[in-house]
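This chain uses plain numbering: 1 for the first residue, then up along the sequence. Given the structure is predicted, the values throughout are model-derived calculations rather than measurements.
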Amino acid sequence: GARLHYAQQWTLIQNYRQETDINIQPPSPCSLLHGSVHFQVWSDRCLKKILDLSALNKHGRVYEDAQFGCLAWSTCESRLLYVAEGKRSIGESYASASSPSAGEPRDKSVYWEDWGEGLTSKSVPVLCVADVAKGTVTVLQGVPSHVSPGQGLWAHDGESVFFVGWWHEPFRLGLRFCSNRRSALFCLDLEGNCECLSGDTSSVSSPRLSPDGRYLVYLEGQVFGPHSQCLSMQQYDLETRKISVLVDVVNRPKKDEFAGLYEALPPRCWASDSQRVVFSSARRNWRQTVQSFSLHSAEKFGSWKLLTIQNDLMVVHCSHLNEAPRGPHSQFFAEWNVTTAVLVKLGFAVLMGKIVDFLLGSYPHTLVSTVRILFLALCFVVNYRGSTGFGQDSILSLAGNIGSQDVKDVQRAVLTALADQTAEKLLTLDPDKVVVMGGSHGGFLACHLIGQFPDFYKACAVRNPVINAATLLGTSDIVDWRYSSVGLQYSYDQLPTPEALTTMLQKSPITYAPQIKAPVLLMLGGKDRRVSPYQGLELYRSLKSRGSPVAFVCGGRHSLARVDTQADCFLNVVLWFQQHLYLH
């Protein structure tokens with residue numbers, strides 16, 4: 001059967017007779033056996049208990065994603081808190097959907113909203129508690145009907161839970177990779193009494209309770225606008241019931257100063273003294289504060305990413321632009337070995353680094369720092385203005401300037417790299433063999449580049465590119481970004497106007513299609529909820545009508561992350577560049 005992974009939590013097992021003997025275990029799976037979901041409880045390497053959740057029939061599928069999902073032990077280690085899809089009855093409306101019913105199965109012909117790309121079929125999450133000793137499951141009552149709960153954790157006394165609640169009225173927008181959805185921090189006791197602890201006009205995520213149970217820290221950001229922003233870290237004092245700012249939004253960082261928070265906090269980020277919170281910075285800086293401290297030896301490895309802390313021991317993933325990533329997860333080594341071996345054998349120059357997607361990142365507001373991926377032919381990656389890690393002002397500067405500011409930044413960076421070649425650096429970049437790759441917004445950029453500079457790039461490969469922002473408006477799960485990206489305000493009752501659609505079209509790569517000369521390989525997700533595959537087909541048909549070389553392969557969803565899909569895309573990209581750069 002399939003395996004479900006819950007929170008990304010690492011386990012440290014230390015042999016105290018020999019302090020250097022530490023075993024690091026990656027996130028543990030729970031199994032889906034013969035079509036039913038089971039919780040397996042292990043102790044001292046022995047299976048102690050199995051809970052058949054399907055037989056108990058209290059809820060639907062258990063959530064294993066990083067947005068809603070959790071799997072948390074109470075302090076007494078007798079109860080488990082998790083999130084699952086609530087049961088619904090035939091004819092139930094969304095007005096009552098947050099009060100799950102144990103009635104008849106839902107009518108499959110009725111449309112039910114979900115939370116978009118990567119969260120398909122996840123619509124009405126509920127908080128559940130499994131009592132291991134009794135073998136029972138309880139769906140917690142009292143969650144406000146206008147929010148969807150997730151990211152739950154136990155209070156120190158085990159009599160209440162904290163959770164993030166996302167507003168799902170008037171309708172749901174895509175949540176994955178979007179930290180700009182209206183949400184708040186709540187406390188719910190086991191009797192069904194619920195209280196909102198934070199403000200309710202911002203976005204909230206990553207609640208983390210201190211070991212002594214007194215403080216809650218969480219991340220807070222703006223609603224709408226760029227879907228990845230600079231976030232502040234807030235602290236809620238459970239004794240005084242006051243909120244204070246631990247780390248504020250950084251608008252414009254100075255050289256060598258802390259550049260801000262942009263990513264979720266690790267599941268375990270508190271030091272054992274409940275006085276320090278440790279997290280990874282998005283950009284290289286070593287500033288020592290009350291909230292974070294530096295690792296001066298990190299310069300030896302380039303980039304460190306915190307995975308977890310346990311008993312003041314930190315598990316970190318280390319990587320460098322010219323070294324294979326180092327860390328406890330064998331996947332990093334597998335990626336390094338396989339991709340390097342294949343590319344070198346085919347005659348490509350390879351650089352391993354840390355990036356969100358291929359040559360140009362998947363989303364406009366992301367950071368190219370130092371995790372995985374390969375770069376082909378011209379080994380170059382660009383953090384154009386609007387990337388995270390450089391302050392909120394930089395992120396906001398991209399709104400209204402897509403297709404211009406980001407394109408110019410990338411092109412200038414490539415030209416600079418080509419011009420900056422010296423014998424000492426041993427660089428042999430051939431300006432006649434420059435290719436471009438990108439996914440999602442990176443695909444948008446790649447198609448702009450080959451359209452605006454048709455004689456410069458010799459081949460192009462794109463994954464689920466945004467081609468026409470105007471036609472994407474009615475099909476994307478993040479319709480708000482279609483407005484924000486071109487500098488327009490968004491509201492739930494927004495209706496498209498001729499002026500708005502014209503602005504979207506004018507900033508889209510499709511307007512440059514007649515100028516494209518480079519052969520284009522399109523890799524499209526047939527089930528993509530974020531960027532419809534018909535976006536790529538628009539460009540395909542336009543290029544085909546002009547006799548331009550174009551091909552496409554079709555995969556799964558937006559990330560094209562299935563193993564067979566990744567392998568197919570990877571080989572097609574290599575062969576495409578090999579063919580059109582005449583490297584046979």
* To do: Show your working on side chain to side chain contact (heavy atoms under 4.5 Å, CB included) between Thr475 and Tyr534 and close with a plain yes or no.
  => CA-CA 10 Å; Thr475 61; Tyr534 292 101; over 6 Å; no

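- Judged by distance alone, with hydrogens and angles left aside, the side-chain atoms of Glu220 form no donor-acceptor pair with the main-chain N or O of Met233 at under 3.5 Å.
- Between Leu231 and Ser179 the shortest side-chain heavy-atom distance falls below 4.5 Å.
- Nearest heavy atom pair, residue Gln222 against residue Gln229, reads CB-OE1, 3.4 Å.
- To the nearest 0.5 Å, atom CD of residue Gln578 and atom CG of residue Leu571 are 11.0 Å apart.
- Between the side chains of Glu538 and Thr471, a donor-acceptor pair is found at a separation under 3.5 Å.
- Here the OH atom belonging to Tyr490 is positioned 11.5 Å from the CZ atom belonging to Arg482, to the nearest 0.5 angstrom.
- Considering only heavy atoms from C-beta on, His580 stays 4.5 Å or farther from Lys458 through its side chain.
- Ring centroid separation for the pair Phe390 and Tyr384 does not come in under the 6.0 Å cut-off.
- Of the possible polar contacts, none joining the Gln234 side chain to the Tyr218 backbone as a donor-acceptor pair under 3.5 Å is found.
- Inter-residue side-chain proximity for Ile402 and Leu398 is flagged as met; some heavy-atom pair is nearer than 4.5 Å.
- Separation of atoms CG (Leu175) and CG (Asp65) is listed at 8.0 Å; rounding is to 0.5 Å.
- In this structure the side chain of Leu473 reaches within 4.5 angstrom of the side chain of Pro496, judged on heavy atoms.
- Under the 4.5 Å side-chain criterion, counting only non-hydrogen atoms from C-beta, Cys447 is in contact with Leu539.
- A side-chain donor-acceptor contact under 3.5 Å links Tyr262 to the backbone of Gly391.
- The shortest non-hydrogen separation linking Ile516 to Ser548 is O-OG, 3.8 Å.
- Under the 4.5 Å side-chain criterion, counting only non-hydrogen atoms from C-beta, Val164 is in contact with Pro207.
- Between the side chain of Ser183 and the backbone N or O of Val204, at least one donor-acceptor pair lies under 3.5 Å.
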* Residues Leu173, Ile478; criterion side chain to side chain contact (heavy atoms under 4.5 Å, CB included); working and verdict -> CA-CA 6 Å; Leu173 290 169; Ile478 53 171; 5.7 Å; no

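- Rounding to the nearest 0.5 Å gives a distance of 15.0 Å between CE of Met314 and CZ of Arg268.
- Between the side chain of Gln405 and the backbone N or O of Arg385 there is at least one donor-acceptor pair closer than 3.5 Å.
- Ion pair Asp114/Arg529 flagged as a salt bridge, since at least one NZ, NE, NH1 or NH2 atom sits closer than 4.0 Å to an Asp/Glu carboxylate oxygen.
- A salt bridge links Arg181 to Asp480: at least one charged side-chain nitrogen sits closer than 4.0 Å to a carboxylate oxygen.
- Annotation: side-chain hydrogen bond (donor to acceptor under 3.5 Å, both in side chains) contacts of Gln506 (sequence neighbours excluded): none.
- A donor-acceptor contact closer than 3.5 angstrom links the side chains of Ser542 and Arg546.
- Side-chain contact annotation: Gln489 with Ser491, donor-acceptor N/O pair under 3.5 Å absent.
- The closest donor-acceptor contact from the side chain of Ser484 to the backbone of Pro226 lies at 3.5 Å or more, if one exists at all.
- Annotation for Leu261 and Phe279: closest pair CD2-CD1, 3.7 Å, computed over non-hydrogen atoms.
- Scanning all heavy atoms of the two residues, the minimum distance from Gln452 to Gly403 falls at NE2-O, 3.1 Å.
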* Asked: Run the side chain to side chain contact (heavy atoms under 4.5 Å, CB included) check on Phe68 and Leu119 step by step: do they pass?
  -> CA-CA 9 Å; Phe68 290 101; Leu119 298 171; 4.1 Å; yes

* Any chance you could lay out the side chain to side chain contact (heavy atoms under 4.5 Å, CB included) test for Asp406 and Phe444, step after step, and finish with the verdict? => CA-CA 10 Å; Asp406 42 7; Phe444 169 91; 4.2 Å; yes

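- Side-chain N or O atoms of Gln535 include one that pairs as donor or acceptor with a backbone N or O of Ile467 at under 3.5 Å.
- Of all non-hydrogen atoms in Val573 and Met437, the two that sit nearest each other are CG1-CE, 3.6 Å.
- Taken from CG in Asn180 to OG in Ser202, the straight-line distance is 12.0 Å, to the nearest 0.5 Å.
- Under the 4.0 Å criterion applied to side-chain N and carboxylate O atoms, Arg252 and Glu257 are not assigned as salt-bridge partners.
- Taking 4.5 Å as the limit, some side-chain heavy atom of Leu522 sits within range of a side-chain heavy atom of Pro465.
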* **ring pair (Phe, Tyr, Trp, His ring centres under 6.0 Å) evaluation trace for Phe453 with Tyr512** => CA-CA 10 Å; Phe453 307 96; Tyr512 293 94; 9.2 Å; no

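- Closest non-hydrogen pair, Ser281 versus Phe258, comes out as CB-CE1, 4.4 Å.
- Proximity of Met523 to Asn572: side-chain heavy atoms (C-beta onward) are nowhere separated by under 4.5 Å.
- Without hydrogens or angle criteria, Asn468 side chain to Ile510 main chain gives no donor-acceptor distance under 3.5 Å.
- Between the side chain of Asn464 and the backbone N or O of Gly525 there is at least one donor-acceptor pair closer than 3.5 Å.
- Below 30°, between 30° and 60°, or above 60°: for Phe552 and Tyr540 the angle between ring planes is above 60°, a perpendicular geometry.
- A donor-acceptor contact shorter than 3.5 Å links the side chain of Ser280 to the backbone of Leu306.
- Separating the CE atom in Met504 from the CG atom in Leu472 is a distance of 9.5 Å, to the nearest 0.5 Å.
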